[in-house]
Amino acid sequence: MATSMNEKGSDTVSIFSPILTQILSSAEIASSKVKKILNDELVKEVKISKDGETEKVKKLLDLFVQSQDEGKWNTLNEVLENIGFEFLPKVLEKEHSFTVQEQMKKIVNSLYKVDIKTQPLSQIAKNHGLLTEADVQDIGTECLNQEEKAALIVLIDRIVTPPPDEWYDEFLTCLCEAGHQEAVKRMKQDSLPQDDCGAFWATKPEGYSVDDHWRKLIMELFYNYLISSVKASEILINLSSVFSLDEKRSIRQTERNKTSEEAMKLLLDKFDKKESPGKWTELKTALVEADYEWIIRAIEGDDVNFTELTTWQNMINIFTKELASKIIPSQILHDLCTEKIISKEESEEIKKEEQNKGDISAAFLLLTSIPRMHPEWYPKFMEILFLNGWDETVACVDSDEWKRLNHKHEQKMSDNAKYYADQSLCINMEKGNLKKTLPSKFQQSEIQENYQSYSEKPRISNNNLSSNDRLEQNDGHYLHRSTMMELSIDDNNPLNDEHDEITREKQLARTSQIQLPVPARRGQIGQNLPSVSETSVNEPQPTDEEYVQPDSIMLQDVKRNLEMEVNGEPEQNIPINVFEDMKIEDSDSEDDGLSQPPELLTLRSYQKELAAPGLQGKNCIIVAPTGSGKTHVALKIMQEHMNQVRARRHPKVIFLVEQGALAQQQAKMCIKYLPCKVKLITGETQRNERQKSFSEWLAKRDILIVTAQLLVNALNEHDVKIDDFTLMVFDECHHAHANHSYNRIMQAYMDQKIKKVEDMNKLPMIVGLTASVGVGRAKTTDGAIDWIKTMMANMDAEELATVRVNIDELSEYVIVPEQVIKRTACRIKNYFVEAVGKIMEVTERYMKQSIYADGLGADKDKILKAPPVKGSDQYTQWISNLGRQTAKVFNQEARRFFTTCRTYLDLYNRALIIYEDARVKDALDFLEDNVRKVNENIIPDETDNKMNTLYKKSKVLMDHCGNDVNHQNPKLDTLRNLIAKTYKENMDSRGIIFVKTRDLVIAIQNWMKETDGLKALNPVMFVGAQASGEKGGMTKNDQDNILQDFKEGKNKLIIATSVAEEGLAIQKCSLVIRYDHRTNEIAMAQVRGRGRAEGSKYYVVASEEKMTVEKEELNMMREARMNQAIIHLQNFIQDNRQPFIQEIEDLQLEANIQRELENTNKGGRIIGDFEFEMRCGKCNEFICMSKDIKKIQAAHHAVIGEEIASHINTIRMPKPTFEDDNIKMGCGKVNCKKCGKNLGNIVIYRKAQFPVLKIENFLVSDSRGNTDVYKKWRNSPFVPLELSSQNLLDRARGEQYIFES
């Protein structure tokens, strides 16, 4: 029977009522529209009742359910949309079967009081196939716009997919993974019969048994813990009625030859498939008889703390090396068996191990056995060690446990143990975190590093092994075993002075004799145990058979072959250094939503000082160090502004950020502290939401948090005007110059200020925030003052606010990391650079000698003259200019010739840049991957074949360089040691490594993941969202997830480009490293400010050849110059306010005139009726006309003409790169039909297929034959119009480019 309109939604509202009462207020529900539907007297009665707010909301919802009004649900949906709910209205409209309703009720009733973080949970559900990426985005939007509980409703709604049993059980598994076992247990108790300790529920499903109940508990909730805690062979003996002899033999063999975990997994999986009545109860009995009763108690809900068990396991993991080197297992086996910490069988196994392989190997076997049999195994194990004379070891591992035992047994500790315990020289467990504090005498003896910086001279490494830092045997307990057994560090520890200096040879001999292994799984103990690696950087180590050391003779052979490939004969007079291959002895080297209710916003005294001009309504720039709370200052100004403006008009505030990564951070702060409607708008949110215009959001919200380019677009499209806002806040306002989006926004502001004097009073108030305004390129204080005046003119600021009075308080709260410059040595040999450089040199000569060179005109020698330094920014610029010049050549074959040569030169140049800062392997991987992509799908010509030949002739030598220790990179040694030192001092640290390019981010991440010790820190890359994933970019959602994992400690290292320099606040970040690239004084201050934790360090890894040290010192001088200029300018403004304001207005008028002159000279870009040819950038083949290109969603440049099909080939991809309700991106590749060059991809928009073009792959020619190349669409000479409905309809009816499966 169909549900009537009146009944529609009733059940769903009732299901979600416990959550709805938390996120709605009675005032919001009881609006004038609602009163027309519900009985006005009843509504009034509810509102004036003495019931709490929750009960009032519940009664109003009940009235809604009971109402007979036909339009009640449409009204409710409208009310919910008006108060900012994006997806909730649709959820309440849905109908569900009785079974699903019951399951949803259990979920809601178990979770509505739980602190659920929906974003991590939605990611887990996505991984289990319950949600799509679009679902995750929608849940995140609702969370930001409202709160977690609103997002929880959307999440529950989205996971309800048929058949019900599948989604329900799978979701319970997701909740367990997210740490909500107690909630799941409540759901199980609500829906399942209890075990034999209690009576069954009277309403249990027909045929449901205790055995079914235990099956769900073991295979769903506690499966992973059973695998890691139970030894299969110990329970097999009690499962004879279930398993055959062959099956038991197979399980035991798996345990012996592989691991205990794999054996237990095999046992459970086989067990689950058996059809044996009562088998799960039998498994329960087998566990009890094998002394695993504590696991049964945990499953039944007794107080067994799994978090504590995991913490104990981590403690043993960290101190495995320390324990294994000290204890003698045979002396404590009897006590361990008596306390049931290990079984008798395990005891015998350990005894045999000790007899056959010695104490250390037996100790490792013991340490992998103990975390199984007893819920209190850790304190009992520590006590047994303590009572058997290893009190020093206990003190070193866990001083708190030692003190407890010492007090319990009233025993005096040994002197060494007392030293370790009292000085806290060990890692202590505090609320589940690992924390280490050094003794005071260490701290006093450390070199105090100056705030400015000091430089350390480079020391050449011995055998290219990092010898500036050596690892003492006793340092092992500071770090996770996988880190410390691989990292060699020297932290100037005074303890090291007590020992003779240990050379690398002695240390290697010692570790070779001892053969200390990484702790193995129980099933792996019998295998060969690895020794501690001494390799400084994780280059691949060849076997004796495949190792060939590259030498000068091999290099000269390669060079000769390359010369012959182009010239037909070798280049003459190539000098050969006969001493070049002699081994060099090295010396040592070193939304929208209403906050409910907002938190109280209070400022410190120095923050009030910063806020003072803004609170007075003055336009200002606020300059304060990173970490000083500039956002709080801005929020206070926004709060006061809205209170003052509300009397005359509705306040509208826009908070502008440069990147989407910062937008969400600032949106959360606004929602937290301000009682206003807030909306976050970024490129990604616009793409994922229904396409509301900027002006629509402005009408509905009080505060918009927006990435600046979106406002530029809205202003250009006349969707909004500058005076629609009452206050504009610019985060990181030092960007407001030249053609930056901030400056373009302020130019629209200036146009109204200068040209529409009568509307000046409508202009919004301006507030800029920055840690450094910079000095431009000023070399004097006067020059710096002029630069800052220009910045203030651009921002129309009359005040420059800094902390001058409350400077002492500022220094208490703001952590300024110590700044240290680490100089590094060069590689011993650079045959790789010479080999790649030779290919580039030969390719350059090949272009000069070609028959096509004359087509470049009289300037051909100048155009083809490459910079001498390859692998440099200068060479990158030359390649870019070469592309622009050769694009103008009329001859089609010539253009293809130059394009191919230029493509290979670009790859070699980028490979050398990677090689400079990473491994040979990383540069080789980059070349191999990109050469393959260049040749993918192309139809090769003579030039393609020539470039491939040159590459292959050099590849053998380059591969050998990758295996040569003399080509290992000392910079990576330095980087590794800095990371090790930080994490030795505090395992819970966070670190950010800043590198120059996306290519290098990928290379450094790969090195870390392949380096034992560093990979334990789970390094992850963080780059901008502008580039595609194919080019190393990432989505906003990827960025958010990485930052969240970084805050939580799942990833402890981030390798980032400049996108992470600004605004990202990670309080635990204590290590910041800028990895050998030069920046300006603003970037220096921003990068340094990422270190927020107490004791933070800022390192600059610097090589001599890049002049990084000199540039860093210049930056510090510029920073000092800026501070002097700010003080001078503030004093001038205070004494000469009117002359200063007049000077600012003169600068603004001058800039406006200059801008108009530039626009006149430019002639503007053509919009509408235009004629440009789009030609393949490689072969010059005609592809389409510019008039056939339209914009989809204001972002994607799609071809609507059918004629393009005759000029392109398309290849269907396995799955889209992005997908939502309207658009699928990356469904296929678009290649030139003539040469095979990739031109773009296939996008499916509202079921119509479009080729979307990448302009960087094209030559753009006008009607006169003038040709140019463009990297960005915004720089092209024409502006495509938006896709119309007719365009969409025509394309939907047209030819399909790919066939969807």
Side-chain angles (χ1 to χ4, degrees), residues 81-86 140-146 591-595 598 614 631 634-643 645-646 649-733 735-736 741-742 744-746 748-749 762-769 795 1036 1040 1063 1194:
E81 285 181 351
N82 287 339
I83 60 178
F85 288 97
E86 193 76 19
T141 300
E142 198 76 335
C143 176
L144 181 62
N145 292 350
Q146 292 294 339
D591 179 314
D592 56 48
L594 295 170
S595 50
T631 303
L635 292 176
K636 191 67 177 178
I637 294 171
M638 291 160 63
Q639 186 182 65
E640 184 64 24
H641 168 83
M642 297 181 87
N643 291 336
V645 170
R646 193 169 279 116
R649 63 172 287 192
H650 193 82
K652 295 290 179 181
V653 178
I654 186 166
F655 197 125
L656 292 160
V657 298
E658 197 202 5
Q659 318 163 11
L662 303 179
Q664 191 165 19
Q665 184 174 293
Q666 304 295 26
K668 287 179 179 177
M669 293 289 285
C670 290
I671 292 171
K672 183 177 181 180
Y673 289 107
L674 301 179
C676 307
K677 293 181 180 179
V678 178
K679 176 62 186 175
L680 168 67
I681 307 177
T682 65
E684 193 146 346
T685 61
Q686 278 201 326
R687 186 164 61 243
N688 293 329
E689 292 173 351
R690 289 169 285 177
Q691 289 291 306
K692 279 193 174 72
S693 68
F694 208 98
S695 55
E696 285 181 289
W697 282 123
L698 183 62
K700 290 180 176 232
R701 302 293 180 262
D702 305 312
I703 300 173
L704 302 182
I705 314 296
V706 182
T707 46
Q709 184 59 46
L710 295 180
L711 179 57
V712 173
N713 296 344
L715 289 168
N716 289 340
E717 294 162 5
H718 305 291
D719 185 34
V720 293
K721 307 188 301 297
I722 283 290
D723 58 19
D724 287 337
F725 305 99
T726 59
L727 170 62
M728 304 180 81
V729 179
F730 292 77
D731 197 20
E732 311 296 353
C733 69
H735 292 295
S741 50
Y742 279 3
R744 281 183 281 161
I745 291 167
M746 286 307 299
Y749 174 101
K762 296 180 181 178
L763 287 171
M765 176 182 165
I766 304 294
V767 173
L769 310 174
M795 293 293 295
K1036 170 67 171 54
D1040 292 342

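Both backbone and side-chain heavy atoms feed into the values below; hydrogens, waters and symmetry mates do not.
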> Can a donor-acceptor pair be found between the side chains of Gln709 and Asn713 at a distance below 3.5 Å?
Replying inline: yes
>> When you compare the side chain of Met795 with that of Met746, does any pair of heavy atoms fall below 4.5 Å?
In response: yes
> Backbone N or O of Leu698 within a donor-acceptor pair of the Lys652 side chain at under 3.5 Å?
Replying inline: yes
> Is there a donor-acceptor pair under 3.5 Å between the side chain of Asp724 and the backbone N or O of Lys721?
Replying inline: yes
>> Can you list everything that forms a salt bridge (Lys or Arg N to Asp or Glu O under 4.0 Å) with Lys668? Sequence neighbours excluded, please.
In response: none
> Atom SG of Cys733 and atom CG of Leu656: how far apart are they, to the nearest 0.5 Å?
Replying inline: 11.5 Å
> Does the side chain of Leu635 reach to within under 4.5 Å of the side chain of Met669, using non-hydrogen atoms?
Replying inline: yes
> Sub-3.5 Å donor-acceptor pair from the side chain of Asp702 to the main-chain atoms of Lys677, do we have one?
Replying inline: yes
>> Determine whether a donor-acceptor pair (N or O, by modelled atom type, separation under 3.5 Å) exists between the side chain of Asp719 and the backbone of Phe694.
In response: yes
>> Show the nearest heavy-atom pair for residues Ala663 and Thr682, with the distance to one decimal.
In response: CB-CG2, 3.7 Å
> Of all heavy-atom pairs between Glu732 and His735, which one has the smallest distance, and what is that distance?
Replying inline: O-CD2, 3.2 Å
>> Are the side chains of Met728 and Phe655 in contact, using a 4.5 Å heavy-atom criterion?
In response: no
> Should Cys670 and Met638 be marked as a side-chain contact (heavy atoms from CB on, under 4.5 Å) after you check the CA-CA gap, both sets of side-chain angles, and the distance that decides it?
Replying inline: CA-CA 9 Å; Cys670 290; Met638 291 160 63; 4.0 Å; yes
> Are any non-hydrogen side-chain atoms of Leu674 and Pro598 less than 4.5 angstrom apart?
Replying inline: no
> Do you know the tightest heavy-atom contact between Ile745 and Ile722?
Replying inline: O-CD1, 3.8 Å
> Is a side-chain N or O of Tyr742 found less than 3.5 angstrom from the main chain of Glu658, in a donor-acceptor match?
Replying inline: yes
> Does any non-hydrogen side-chain atom of Phe725 lie less than 4.5 Å from one of Leu727?
Replying inline: no
> Would you call Phe730 and Leu769 a side-chain contact if the rule is heavy atoms closer than 4.5 Å?
Replying inline: no
> Is there a side-chain contact between Lys679 and Ile703, using heavy atoms and a 4.5 Å cut-off?
Replying inline: no
> If you measure from CD on Gln664 to CD1 on Ile671, what distance do you get to the nearest 0.5 Å?
Replying inline: 9.0 Å
> Leu704 and Trp697: which non-hydrogen atoms are nearest, and at how many Å?
Replying inline: CD2-O, 4.1 Å
> Who pairs with Lys636 by side-chain hydrogen bond (donor to acceptor under 3.5 Å, both in side chains), at least two apart in sequence or on another chain?
Replying inline: Gln639
> Under the criterion side chain to side chain contact (heavy atoms under 4.5 Å, CB included), which of Thr726, Ile681, Leu711 is the partner of Ile654?
Replying inline: Leu711
>> Which heavy atom of Lys762 sits nearest to which heavy atom of Asp723, and what is that distance?
In response: O-CB, 3.3 Å
